[in-house]
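Working notes, beginning with the structure itself.
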Amino acid sequence: IQWNKIYHNNSNVWENSPFKNVKNGEYMYFVHSFYAIPEDDNLILSYTRYGDIKYASAVIKDNIIGIQFHPEKSAKEGIKIYQEWVKFINKFN
């Protein structure tokens, strides 16, 4: 349980996602240590480092997004993700 930084895996994907108003390297709040290893690195929206481990902290495919950290616990920067998420979802409706 801690604050840790998220980094974009692909700046073009980041800029076209709900993360677009969050700075690369911004802190987010992580509540557990589980993470997935995507088969396709192109699906990685953000990654995070914990010691020597680099892992996917968010993935995206079409209109589906999976996030390992908790935006609602990540102060103003996390709220930015939710605000943009609403706009992102509406693009698919």
Side-chain angles (χ1 to χ4, degrees):
I1 298 175
Q2 70 175 13
W3 291 89
N4 207 337
K5 294 180 179 181
I6 61 169
Y7 301 95
H8 62 67
N9 190 52
N10 176 320
S11 60
N12 187 45
V13 174
W14 182 286
E15 291 300 320
N16 292 297
S17 79
F19 287 36
K20 70 182 186 180
N21 291 328
V22 175
K23 293 183 299 188
N24 188 41
E26 187 62 62
Y27 280 95
M28 293 292 162
Y29 194 71
F30 291 75
V31 179
H32 52 76
S33 59
F34 300 107
Y35 64 92
I37 303 171
E39 290 181 7
D40 183 354
D41 286 347
N42 294 316
L43 302 178
I44 298 173
L45 177 55
S46 70
Y47 70 88
T48 298
R49 292 190 182 278
Y50 183 77
D52 293 336
I53 301 169
K54 177 182 171 183
Y55 61 92
S57 50
V59 293
I60 187 168
K61 181 169 173 52
D62 302 324
N63 64 336
I64 300 170
I65 300 173
I67 299 175
Q68 198 273 345
F69 57 89
H70 287 259
E72 74 280 4
K73 296 179 184 274
S74 300
K76 292 179 186 177
E77 296 306 312
I79 298 303
K80 287 180 186 178
I81 292 173
Y82 281 139
Q83 289 170 332
E84 289 301 320
W85 205 324
V86 171
K87 296 175 191 174
F88 180 80
I89 291 168
N90 287 332
K91 289 193 308 188
F92 292 94
N93 291 331

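If you read the sequence from its start, that first residue is 1, and numbering goes on from there.
Counting only residues at least two apart or in different chains, side-chain hydrogen bond (donor to acceptor under 3.5 Å, both in side chains) contacts with residues 3-12 comprise Asn12-Asn16.
Cluster annotation: Val59 and Val22 are assigned to distinct hydrophobic clusters (Ile/Leu/Val/Met/Phe/Trp/Tyr, side-chain heavy-atom contacts under 4.5 Å, transitive). Phe34 and Tyr50 fall into different hydrophobic clusters, where Ile, Leu, Val, Met, Phe, Trp and Tyr side chains are chained together by heavy-atom contacts under 4.5 Å. Val86 and Trp14 are members of different hydrophobic clusters when ILVMFWY side chains are connected at heavy-atom separations under 4.5 Å. One hydrophobic cluster, built from ILVMFWY side chains closer than 4.5 Å, cannot hold both Ile67 and Leu43; they sit in different ones.
Separating the CD1 atom in Ile44 from the NZ atom in Lys54 is a distance of 7.5 Å, to the nearest 0.5 Å. A distance of 14.0 Å separates NZ in Lys61 from CG in Leu45, rounded to the nearest 0.5 Å. In this structure, the separation between CD on Gln83 and CG on Asn21 is 8.5 Å, given to the nearest 0.5 Å. Distance CD/Glu72 to OH/Tyr29: 11.0 Å, rounded to 0.5 Å.
A search for ring pair (Phe, Tyr, Trp, His ring centres under 6.0 Å) contacts involving Tyr55 returns Tyr35, not counting sequence neighbours. Partners of Tyr27 according to the ring pair (Phe, Tyr, Trp, His ring centres under 6.0 Å) rule, which considers only residues two or more places apart in sequence or in another chain, do not exist here.
At least one side-chain heavy atom of Phe19 sits less than 4.5 Å from a side-chain heavy atom of Ile6. Side-chain contact between Lys80 and Lys20 is absent, with no heavy atoms from C-beta onward closer than 4.5 Å. Counting only heavy atoms from C-beta outward, the side chains of Met28 and Ile81 approach each other to under 4.5 Å. In this structure, the side chains of Pro18 and Ile65 come closer than 4.5 Å at one or more pairs of heavy atoms.
Relative ring orientation between Trp85 and Tyr82 is described as parallel, the plane-to-plane angle staying below 30° on a 0-90° scale split at 30° and 60°.
Enclosure of atom NZ in Lys76 is not indicated, since only 12 or fewer non-hydrogen atoms of other residues, nucleotides or ligands lie within 6.0 angstrom.
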